[in-house]
Protein chains: 2
Amino acid sequence: MATAGNGRDPVMADVARVAGVSHQTVSRVLNGLPNVKPATHERVVAAIEELGYHRNSSARALATRRSQVLGVVAFDTTLYGPASTLLGIERAARQAGYFVSIVSLTAITRETIREALDYLAEQSVEGCIVIAPKRAAVEALTGLRGPRPLVAVEGGVAPDLPVVCVDQAAGAHQITRHLLDLGHRTVWHVAGPRDWLEAESRVAGWRGALEEAGAAVPEYAHGDWSPRSGYEIGRTLAARPDITAVFVANDQMALGVLRAMGEAGRRVPADVSVAGFDDVPEAEFFSPPLTTVYQDFGEVGRRGISVLLRLLDGAAEPAAHAPIEVVPTRLVLRSSTAQAPDPT
Amino acid sequence: MATAGNGRDPVMADVARVAGVSHQTVSRVLNGLPNVKPATHERVVAAIEELGYHRNSSARALATRRSQVLGVVAFDTTLYGPASTLLGIERAARQAGYFVSIVSLTAITRETIREALDYLAEQSVEGCIVIAPKRAAVEALTGLRGPRPLVAVEGGVAPDLPVVCVDQAAGAHQITRHLLDLGHRTVWHVAGPRDWLEAESRVAGWRGALEEAGAAVPEYAHGDWSPRSGYEIGRTLAARPDITAVFVANDQMALGVLRAMGEAGRRVPADVSVAGFDDVPEAEFFSPPLTTVYQDFGEVGRRGISVLLRLLDGAAEPAAHAPIEVVPTRLVLRSSTAQAPDPT
DNA sequence: GCCCGAGTTGTGAGCGTTAACAATGTAGCT
DNA sequence: AGCTACATTGTTAACGCTCACAACTCGGGC
C-alpha cells in the first residue's frame with residue numbers, strides 16, 4: 001500500500017521508475033504484449049502491486065480512440081422484463097470487456113430518446129443498445145443522428161435497424177391454440193397498451209390462431225400492463241357468463257383479472273380459464289398458478305450485445321438488410337387453464 | 001451534417017477553424033465560461049452545429065482528472081427492490097451530471113465484491129455506491145482497498161462506511177403492532193434468508209413489538225424471498241389452527257403463504273391475517289389485497305447519490321463517524337389483515 | 001494624446017496513455 | 001571474428017482537451 005510519496009495516484013511512469021524500466025515496458029506488460037523478458041515482467045508486476053497502480057482509462061481511451069463503454073437506453077427498468085434484459089446486457093458486455101452506461105427514460109418520445117443518445121454520445125460510447133418496446137421508439141430511432149452502431153432490442157422490425165426481439169406473435173398463437181384445444185369456443189383477450197409493439201404482436205398472434213381455427217374474434221380492451229387495469233377490464237369480462245377463456249397480454253394484468261374473477265364468484269379454471277404472458281417468478285404462486293408464456297429476457301439482452309459486438313468488429317454494416325434475431329418463447333402450463341365447462 | 005472533410009470525427013480544433021477562433025474560445029463556449037462576446041459565441045455554436053461536433057469525454061477526463069462516472073455495484077437487479085433503487089440512483093446521478101456504470105453480481109462474497117470494485121476502479125470512477133443487502137457485503141467493504149468515496153445502500157450500519165437504508169426495524173415493529181392491535185394473541189413470522197441485513201432487522205422489529213406487548217415470541221423459519229419458499233413455510237403454518245396472524249418478511253413470500261393458506265382451507269383474513277413487506281405493485285391485487293409496509297426504494301437511491309456527491313465535494317470525510325441516513329417506512333392497510341377470530 | 005483596467009482572445013504546456021520507430025543486446029551461423 | 005536475425009528495450013510523438021498565463025482589444029479619465 002505504499003503511496004507514490006506525494007499525494008497523487010501513481011501513474012505508469014512511477015511504476016516504470018520503481019521497476020527500473022521505461023514506461024513503455026510497463027505498458028507492454030499491462031497489455032500482455034509479447035517480447036518481455038520474464039524477469040522484467042516480474043519486476044514490473046511487483047512494482048504495480050507495490051504501488052497499487054491501476055491504469056488510467058481516460059488516457060488509454062484517448063490514445064486508443066476506444067472508450068470501452070457501451071450505452072444502454074432503457075425504459076421502466078422497474079418492470080421484470082426490462083430489468084432482466086438489462087441484466088443480460090450488462091453481464092454479456094462485461095464478459096466481453098466492455099463497461100455499460102445506462103440511461104433510464106421516464107417516457108418514450110422522439111425527444112427523450114434523442115436526449116438519451118446525445119447524453120451517451122457525450123460519453124463517447126462505442127455503440128448503443130436501445131430497449132425500445134414502443135413503436136414511437138423505433139420510429140424515433142430511424143434516421144436519428146447519434147452514436148453508431150446502434151441495435152434495438154425488444155422492438156419491432158424497423159428498416160435499417162438491427163433488431164433482437166422475442167417471437168411474441170408465436171407465443172400468443174401458441175397459448176391461444178392451447179385454450180382452443182381445451183374446447184373453448186373462442187378466447188377473449190386483454191391487450192397491452194396501444195403503441196407497444198409487444199402488445200400489438202400478441203394481438204396479432206391471438207387473432208391469427210383464432211382465425212385459423214375458424215373461431216370468432218371478440219372485441220378486446222387495452223390495459224396498461226398494471227394489475228389494476230387488468231382488474232378493471234377483468235370485471236367487465238367476469239360479468240359475462242359466456243366468456244370461458246381469456247388470454248391476458250401479461251402476467252401482471254392476469255393477476256388483476258384473476259382477482260376480478262374471484263370477486264365475481266367465477267372459479268378459475270372451472271368456470272373460466274385465464275392465461276398470461278411473461279412468466280414472472282410470481283406467476284407460479286398466483287391463485288391458481290398461472291398458465292403463461294415464458295420469454296427469455298436475459299437471452300434477448302445477450303444477443304443484443306452479441307449483435308452489437310459483431311457490428312463493432314465487422315468492417316461495414318451488412319449491406320442489404322439489418323440483422324434480425326428472434327428469440328423463441330415457451331408455453332408454461334399450470335392450473336389456471338382447463339377444459340371448457342359444459343355448455344348448459 | 002457536413003463532416004470534417006476527411007473521415008474522422010471533428011475535434012475542437014476543427015470547430016475553431018470553422019468559427020475562426022482559437023480552440024480555447026471553443027472550450028470556453030462549451031463550458032459556459034463568461035467573457036465571450038455574444039457574436040463570437042454565436043459563431044462557435046453555429047460551427048459546432050454545422051460539424052455535429054461533440055466533446056471527447058476521454059480527453060476532457062484526462063485533462064480535468066475527473067471521469068464524471070459513478071460506479072454502482074448491484075445484486076439481483078431483477079427484483080423489484082434493487083431495480084427501483086438502481087433507477088433512483090441513475091436518475092439522481094444523471095441529474096447531477098454524472099454517468100453511471102453498473103456491475104451486477106450473481107453472488108455476494110468478499111471476492112465478487114472485490115472484483116466488481118477493481119473493475120470499476122479500472123474505469124476511473126470518481127466514487128461508488130454499493131447496494132449491499134447482505135452482512136457479508138458490508139463486511140467485505142470495510143477495509144477493502146478500492147475506489148473512494150464509497151457509500152453503501154440498503155445495508156446495515158458499518159463502522160467507517162457511510163450508509164443509507166430503510167428503517168426496516170421500525171416498519172416491522174409497526175406492522176406487528178398493527179396485528180396485535182387487531183386482537184391477535186401473538187404474531188408469527190416468516191423471515192428472509194439468514195445473512196440478509198433487511199431480514200435480520202425485520203426480525204428484530206417484530207420481536208421488539210412482541211416483547212413490548214408482552215406477547216409470546218414464536219419460533220420462525222427462514223425463507224429465501226421467493227414465493228416458493230413462502231409457500232412451503234406457509235403450509236406448515238396453515239396446518240396449525242392456533243396461528244391467527246403471520247407477518248411475512250416480503251411480499252413475494254407472502255404470496256406463497258397466501259396460496260398455502262388457501263389450499264389448506266384457511267380463509268384470509270377471516271381465519272388468519274397475513275401481512276407482507278415492500279409493497280410491490282402487485283400486492284394490491286393479491287387475493288386478498290395484501291396489507292404490507294411500503295418502503296421507498298427510489299428515495300434510498302437518491303439519498304445514496306446525494307451522500308456520495310457530498311463526500312465528493314467535501315474536503316475530507318467527516319471525521320468522527322460516517323453519515324447514516326435512514327428512510328422511513330409507511331404502513332399500507334389492505335384486506336389481508338383483520339380482527340382476530342373469536343377463540344372458540 | 002496617453003495610460004489604465006476590464007473584457008476578450010490566443011498560446012503553450014501538460015494530463016497519462018499507446019503507437020511507431022529507433023536502439024540496443026544476444027544468439028546462431030558462416 | 002563478423003554478420004545477420006531476432007528478441008528486448010527505450011524514445012518520441014501523438015491523442016483532444018483544460019489550465020495558466022500572456023497578449024491583445026477598447027473605453028474613459030488625465
Side-chain angles (χ1 to χ4, degrees), chain A residues 4 6-45 47-48 51-69 97 99 121-126, chain B residues 4 6-45 47-48 51-69 97 99 121-126:
Chain A
N6 53 51
R8 74 179 210 298
D9 282 350
V11 299
M12 207 174 256
D14 297 319
V15 177
R17 188 157 13 79
V18 170
V21 298
S22 76
H23 63 119
Q24 176 61 355
T25 297
V26 177
S27 173
R28 273 191 271 263
V29 169
L30 243 29
N31 293 317
L33 295 180
N35 300 339
V36 175
K37 228 196 309 208
T40 313
H41 188 282
E42 209 164 301
R43 284 214 315 287
V44 171
V45 169
I48 288 174
L51 296 175
Y53 166 81
H54 69 88
R55 200 159 33 192
N56 179 319
S57 62
S58 303
R60 180 175 158 84
L62 180 58
T64 59
R65 298 148 164 278
R66 309 197 54 206
S67 65
Q68 302 266 81
V69 178
F99 297 101
E122 281 290 310
Q123 205 188 356
S124 318
V125 295
E126 289 185 40
Chain B
N6 54 50
R8 75 177 210 298
D9 281 351
V11 300
M12 206 175 257
D14 297 319
V15 176
R17 190 160 9 80
V18 170
V21 297
S22 76
H23 64 120
Q24 176 60 1
T25 298
V26 177
S27 173
R28 272 192 270 263
V29 169
L30 242 28
N31 292 317
L33 296 181
N35 298 341
V36 175
K37 227 198 310 212
T40 313
H41 189 282
E42 208 163 302
R43 284 215 314 284
V44 171
V45 169
I48 288 173
L51 296 175
Y53 167 81
H54 71 88
R55 199 159 35 190
N56 178 319
S57 62
S58 303
R60 180 177 158 83
L62 181 58
T64 58
R65 297 146 164 278
R66 309 197 52 206
S67 64
Q68 302 267 80
V69 177
F99 297 102
E122 281 290 310
Q123 205 188 357
S124 318
V125 295
E126 288 184 42

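Residue numbers begin at 1 in each chain, while the letters A, B, ... track the order of the sequences. When reading the values below, keep in mind they use all heavy atoms of this one structure, side chains included, and skip hydrogens, waters and symmetry mates.
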(message) Output the rounded distance in Å from CD (B:E42) to P (C:dT8).
(response) 15 Å

(request) Spell out, as yes or no, whether a donor-acceptor pair under 3.5 Å connects the side chain of A:S67 to the backbone of A:S124. (result) yes

(request) Flag the pair A:R28 / A:T25 as yes when at least one side-chain heavy-atom distance between them is below 4.5 Å, and no otherwise. (result) yes

(message) How many whole angstroms separate atom CE of A:M12 from atom C1' of D:dG10?
(response) 14 Å

(request) May I ask you to test the A:V11-A:N56 pair for a side-chain heavy-atom distance under 4.5 Å? (result) no

(message) Does D:dT18 have its OP1 or OP2 closer than 4.0 Å to a side-chain nitrogen or oxygen of B:R55?
(response) yes

(message) Can you measure B:L33 atom CG to D:dA20 atom P for me and round it to whole angstrom units?
(response) 12 Å

(message) Just the rounded figure in Å: distance from C1' of C:dG16 to NE2 of A:H54.
(response) 13 Å

(request) Please figure out whether A:H41 or B:V11 has its closest DNA chain D nucleotide nearer the 5' end. (result) A:H41

(request) Would you mind reporting whether B:Y53 and B:V18 have side-chain heavy atoms less than 4.5 Å apart? (result) no

(message) Could you check whether any side-chain heavy atom of B:I48 comes within less than 4.5 Å of a side-chain heavy atom of B:L30, counting everything from C-beta outward?
(response) yes

(request) Round to the nearest Å and state the distance from A:N56 atom CG to D:dC17 atom P. (result) 16 Å

(message) Within the structure provided, determine whether A:Q123 and B:V69 are in side-chain contact (heavy-atom separation under 4.5 Å).
(response) yes

Check nucleotides 6-8 of chain D against the protein and report each pair of N or O atoms closer than 3.5 Å, with its distance, or say if there are none.
unit_1	atom_1	unit_2	atom_2	d
D:dT8	OP2	A:N35	OD1	3.3

(message) Which residues pass the side-chain hydrogen bond (donor to acceptor under 3.5 Å, both in side chains) test with B:R43, not counting sequence neighbours?
(response) none

(request) Flag the pair B:L51 / B:R17 as yes when at least one side-chain heavy-atom distance between them is below 4.5 Å, and no otherwise. (result) no

(request) Figure out the CZ/P separation between B:R60 and C:dG16, and round it to whole Å. (result) 17 Å

(request) Under 4.0 Å from any atom of DNA chain C, heavy atoms only: list the residues of residues 19-32 of chain B that qualify, in numerical order. (result) B:V21, B:S22, B:H23, B:Q24, B:T25, B:R28

(request) Can you tell me the distance, in whole Å, between the CD atom of B:Q123 and the C1' atom of C:dG16? (result) 17 Å

(message) Are the side chains of A:V15 and A:R55 in contact, using a 4.5 Å heavy-atom criterion?
(response) no

(request) Give the rounded distance in Å between these two atoms: CG of A:L62 and C1' of D:dC15. (result) 4 Å

